[in-house]
Amino acid sequence: MKALSINNLKKEYAGGLQALKGIDLEVSQGDFFALLGPNGAGKSTTIGIISSLVTKTSGQVKILDIDIDENHSLAKKKLGVVGQEVNFNQFEKVGDIIRNQAGYHGLSFKDARENAKYYMQKLDIWDKRNDQARKLSGGMKRRVMVAKALVNNPELLILDEPTAGVDIELRRSLWDFLTEINNEGTTIILTTHYLEEAERLCRNIAIIDSGEIVENTSMQELLTRLEEETFVFDLKNPLQTLPKNLGYAAVLENPQKLKITIGKGQGLNTIFEVLSDSGIQISSMRNDTGRLEELFMGLVDSNLNGSER
Ligand code: ADP
Ligand code: MG
């Protein structure tokens, strides 16, 4: 059983914008999963549909095997969502917001109090419980949202850009907290446009761009690939087979086109030597940067204030 499975999900907004063009996604139980993508990619739309705040155009969503259309209320019990925007009444007291949410999920008065206390303490907002929420800082409000999402102990927690615009201290403590509850068994899905955040926290990753999933793999595999670059060499004379012992990961695309993948920072100079020693003459060369790499560049550039590492 998967924590989440999404099948051919489409969303067309009024005016004809295709925000989701038929995405498929599966997240295993216990995973810490990143949905990474630039602004406008479709991350919040996806989360909105999962949490039934946005109506889908077509497709299927299951939370722990429960179809959100067939058994909406049961699916909702399994899910906690921390949205991008503040989603509580700012004039209520922090403690009431969280306890009332537990009541809304049908927890007993006693369980509601206990869970609310537990998460408020965990998130360091216990001493704010009698404060009106509007008086809290942005970071503190974010903690209230997390406590609110967790108060019924959902099996799947989804957070939409939880660290966008919050200070470094909160970001760190939130990362630690999420890692802890993931270790205790909660499946977590996080959207972010920070590659670094995904890299720190997540085991598996999907990259979404313009409403399409363009990559879906493990974080490890992705990082390995990021460390490499591919060059394309056009050859003066056609080649039928690659010379043995070239010493590089090389692919002969056609008799006049050779692709070589090297580690970033590994010099190109020796490649020319090796090729020339093998009697291969080059007419031109270029860096084979694909769509994915270009996307990465953008994601890496939008790093966390530059002050994190
Ligand atoms: P992300 O969360 O990845 O930044 P969104 O899911 O918010 O992206 O948006 C995906 C696309 O859908 C964007 O082009 C956005 O402008 C558009 N969009 C989002 N919400 C609405 C809406 N309510 N009405 C019309 N278009 C929308
Ligand atoms: Mg968004």
Side-chain angles (χ1 to χ4, degrees), residues 1-11 19-37 41-85 87-88 98 100-107 111-112 115 119 145-162 177-192 198 201-208 211-213 216-219:
M1 174 164 60
K2 295 285 174 185
L4 177 71
S5 66
I6 290 179
N7 187 8
N8 198 16
L9 186 63
K10 293 185 184 167
K11 174 64 185 177
L20 299 177
K21 297 170 185 166
I23 65 167
D24 297 310
L25 206 59
E26 290 210 321
V27 178
S28 299
Q29 281 181 274
D31 204 353
F32 203 140
F33 190 95
L35 185 60
L36 182 73
K43 304 183 295 297
S44 296
T45 299
T46 306
I47 291 183
I49 292 170
I50 297 168
S51 48
S52 305
L53 297 172
V54 175
T55 41
K56 57 185 161 60
T57 303
S58 63
Q60 190 187 41
V61 177
K62 285 182 175 179
I63 298 167
L64 292 143
D65 270 358
I66 305 156
D67 190 309
I68 60 166
D69 296 327
E70 284 168 14
N71 201 338
H72 175 72
S73 56
L74 185 58
K76 214 158 181 166
K77 280 204 166 76
K78 308 278 181 185
L79 176 70
V81 177
V82 180
Q84 230 174 336
E85 314 290 339
N87 64 343
F88 49 73
I98 296 165
N100 290 344
Q101 179 72 10
Y104 163 79
H105 279 294
L107 271 70
D111 287 347
N115 285 11
Y119 285 110
M145 289 163 73
V146 176
K148 185 180 167 219
L150 283 172
V151 75
N152 65 318
N153 297 322
E155 289 171 62
L156 173 62
L157 177 67
I158 305 184
L159 304 104
D160 195 358
E161 309 222 23
F177 174 74
L178 294 177
T179 303
E180 186 184 328
I181 62 169
N182 176 246
N183 287 337
E184 288 165 1
T186 307
T187 308
I188 300 182
I189 301 173
L190 178 83
T191 80
T192 181
L201 295 172
C202 300
R203 277 186 288 278
N204 291 295
I205 183 170
I207 299 178
I208 183 167
E212 288 175 288
I213 301 285
N216 189 347
T217 182
S218 72
M219 200 68 227

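- The shortest heavy-atom contact between Pro162 and Thr191 is CD-O, 3.7 Å.
- Between Leu178 and Leu159 the shortest side-chain heavy-atom distance falls below 4.5 Å.
- Closest approach of Gln84 to Ser44, counting heavy atoms only: OE1-OG, 2.6 Å.
- Taking the side chain as every heavy atom from C-beta outward, Asn87 and Lys148 approach each other to under 4.5 Å.
- Residue Ile47 forms a side chain to side chain contact (heavy atoms under 4.5 Å, CB included) with just one option from Val54, Ile189, Ile158, and that option is Ile158.
- Pairing each heavy atom of Thr186 with each of Pro154, the nearest pair is CG2-O, 3.8 Å.
- Although no hydrogens or angles enter the test, the distance criterion places no donor-acceptor pair under 3.5 Å between the side chain of Asn7 and the main chain of Gly59.
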Distance-only criterion, 3.5 Å: show the donor-acceptor pairs between side-chain atoms of residues 26-36 and protein atoms not counting sequence neighbours.
unit_1, atom_1, unit_2, atom_2, d
Ser28, OG, Lys2, NZ, 3.1
Asp31, OD1, Asn204, ND2, 3.2
Asp31, OD2, Asn204, ND2, 2.8

side-chain contact (heavy atoms from CB on, under 4.5 Å), that's the test. Do Thr55 and Lys11 meet it? Break it down for me.
CA-CA 8 Å; Thr55 41; Lys11 174 64 185 177; 3.8 Å; yes
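- Side-chain contact between Leu25 and Ile208 is absent, with no heavy-atom pair separated by less than 4.5 Å.
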Run the side-chain contact (heavy atoms from CB on, under 4.5 Å) check on Asn115 and His105 step by step: do they pass?
CA-CA 12 Å; Asn115 285 11; His105 279 294; over 6 Å; no
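- Scanning both residues, Ala3 and Leu156, for their nearest heavy atoms gives O-CD2, 3.8 Å.
- A heavy-atom distance below 4.5 Å is not found between the side chains of Ile6 and Lys56.
- Residues Leu157 and Val82 have side chains in contact (heavy-atom distance under 4.5 Å, counting atoms from C-beta outward).
- Gln101 contributes atom CD, which lies 10.5 Å from atom CG of Leu150 (distance to the nearest 0.5 angstrom).
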Side-chain donor-acceptor pairs under 3.5 Å in residues 70-79, sequence neighbours left out?
unit_1, atom_1, unit_2, atom_2, d
Asn71, OD1, Leu74, N, 3.4
His72, ND1, Ser52, OG, 3.3
Lys78, NZ, Glu155, OE2, 3.3

Given side-chain contact (heavy atoms from CB on, under 4.5 Å), test Asp24 with Asn216 step by step and report yes or no.
CA-CA 10 Å; Asp24 297 310; Asn216 189 347; over 6 Å; no
Let me see the working for Ile68 and Ile63 under side-chain contact (heavy atoms from CB on, under 4.5 Å), right down to the final yes or no.
CA-CA 7 Å; Ile68 60 166; Ile63 298 167; 3.7 Å; yes
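- Among all heavy-atom pairs drawn from Phe177 and Val146, the shortest one is CE2-CG1, 3.9 Å.
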